[in-house]
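What follows is a short report on a single structure.
Note on naming: letters A, B, ... go to the chains in the order of the sequence lines (proteins, then strands), and numbering restarts at 1 for each one. Computed from a predicted model, the values in this text were never measured in an experiment.
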Amino acid sequence: MQTISLDGQPLDLDTTLSCGQAFRWRRREDGLWQGVIGDRFVELGVKGDTLSYRTFPDGGDELVRDYLRLSDDVKYIYAYLQNRDRRLAAQIQRFYGLRLLRQPPNETLISFMCSAANNISRISNSIEALARHYGKLICERDGVCYYAFPSCERLAEADDISRLCSLGFRGENIKNAARAILERGEDWLIDLRGQPYDEAREQLMSLNGVGAKIADCVCLFALDKDEAAPVDTHVRQLAQRLFLPGLNTKSMTDGVYRAIVKAFRDRYDGLAGWAQQFLYYEDLLRP
DNA sequence: TATACACCTGG
DNA sequence: CAGGTGTAT
């Protein structure tokens, strides 16, 4: 294993990798996390102030640093949010080391397209199936094969994607999105990292099957838009409970979505996405 | 601008 | 019904 000093910056893998932003990580009995980043199989562990990791094939050091956002000043982010809100301060204390990741954009987009009207375990199963059927084999470890997330080229021509990956009506959307990404050119998606949030969001939403929620997930988890606050039905409920007790609705209209986004932005500004993730994680554990 | 419903599939 | 979206009213 190689090691990197965290330099006093908080990183907790258990919360970070299981909080619903990424779907391909598994925790081994001994606490080691195994997953795939880009074209590499990766093992991660944290002890004290040290991150231990290994990539297969090796040479994935920069990949790991980038994915975990190791150059971010997370202490500063926490301090900023803790000053804004007592409840959030408590959540940060409780889930200290929960971070946002910087994931590959096309994998993030396709993954969250799988999430529409779906549940976590089925989303994970579908994504693993996509990788198994259409992704390149990376390596085999302890009798398990690990595959990269499939390229858009491969997905665009995929036959039988819905049935093989249990995607239902999402399959056709995903295939079309892969085609659209190819049409728009190699760098279209990755270049949205350099665009303002509103612009990136609008471009994403021009894809069929991508609405506000999925666009915001991609913005936050892959495109460096820490101000994006995806509002799913759980976030809607907790936002109504915490911020908007007057908002009496059980459905998610555009207006409701915008009102909740505004509540997050008013409170947490450019770090609304981090706040959302802490509040969401607490809700995830609620029975 | 708002609400209702279909879209697949399985727990 | 589920961690939505598109479309028709």
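Side-chain polar atoms of A/Gln240 and A/Arg236 form a donor-acceptor pair below 3.5 angstrom. Remark: the A/Arg69 side chain and the A/Thr16 side chain contain no N/O donor-acceptor pair separated by less than 3.5 Å. For the 3.5 Å distance criterion, the side chains of A/Asp226 and A/Tyr268 fail to qualify, holding no donor opposite an acceptor.
By the 4.5 Å heavy-atom criterion applied to side chains, A/Arg99 and A/Gln9 are counted as neighbours. With a 4.5 Å cut-off on side-chain heavy atoms, A/Trp274 and A/Ile92 do not count as touching. Within the 4.5 Å cutoff, the side chain of A/Arg193 has heavy atoms near those of the A/Arg102 side chain. Side chains of A/Val210 and A/Phe112 form no contact here, defined as non-hydrogen atoms less than 4.5 Å apart.
Rounded to a whole Å, the CD1 atom of A/Ile110 is 14 Å from the P atom of C/dT5. A/Asp232 has its CG atom 12 Å from the P atom of C/dA2, to the nearest Å. Between the CE atom of A/Met252 and the P atom of B/dT3 there is a distance of 13 Å, rounded to whole Å. For A/Glu172 and C/dG4, the CD to P distance is 21 Å, given to the nearest whole Å. Between the CZ atom of A/Arg236 and the C1' atom of C/dG4 there is a distance of 12 Å, given to the nearest Å. Rounded to whole angstrom, the span from the CG atom of A/Asn118 across to the C1' atom of B/dC7 amounts to 12 Å. Computed from coordinates, the A/Asp254 CG to C/dG4 P distance equals 14 Å when rounded to whole Å. Look at CD1 on A/Ile214: it is 14 Å from C1' on B/dC7, rounded to the nearest Å.
Nucleotides B/dT9 and C/dT7 are separated by 22 Å at their C1' atoms, to the nearest Å. Spacing of C1' atoms, C/dG3 relative to B/dA2, comes out at 23 Å, to the nearest Å. When the P atom is used for both C/dA8 and B/dC8, the distance is 16 Å, rounded to whole Å.
Heavy atoms from other residues, nucleotides or ligands lying under 6.0 Å from CD of A/Glu202 number 12 at most.
Taking every heavy atom of both residues into account, A/Tyr257 and A/Lys213 meet most closely at OH-CA, 3.4 Å.
Contact annotation for A/Val210: backbone-only contact, meaning every heavy-atom pair under 4.0 Å involves sugar-phosphate atoms and none involves a base. Backbone-only engagement by A/Asn208 is indicated by non-hydrogen atom pairs under 4.0 Å involving sugar-phosphate atoms exclusively. Nucleic acid contact class of A/Gly211 (heavy atoms, under 4.0 Å, all strands): sugar-phosphate only.
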Taking Watson-Crick and G-U wobble contacts under 3.5 angstrom, with | marking pairs to another strand and [ ] crossing pairs, the secondary structure of DNA chain C is written ||.||||||

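Where A/Met205 and A/Phe23 each meet DNA chain C at their nearest nucleotide, the meeting point lying more 5' is that of A/Phe23.
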Any N/O pairs under 3.5 Å between the protein and nucleotides 8-11 of chain B? List them or say none.
from: B/dC8; atom 1: O4'; to: A/Phe169; atom 2: N; distance (Å): 3.0
from: B/dC8; atom 1: O2; to: A/Arg170; atom 2: NH1; distance (Å): 3.3
from: B/dT9; atom 1: O2; to: A/Arg122; atom 2: NH1; distance (Å): 2.6

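Both tests pass for A/Arg267 against the ring of A/Phe243: distance under 6.0 Å to the centre and angle within 45° of the axis.
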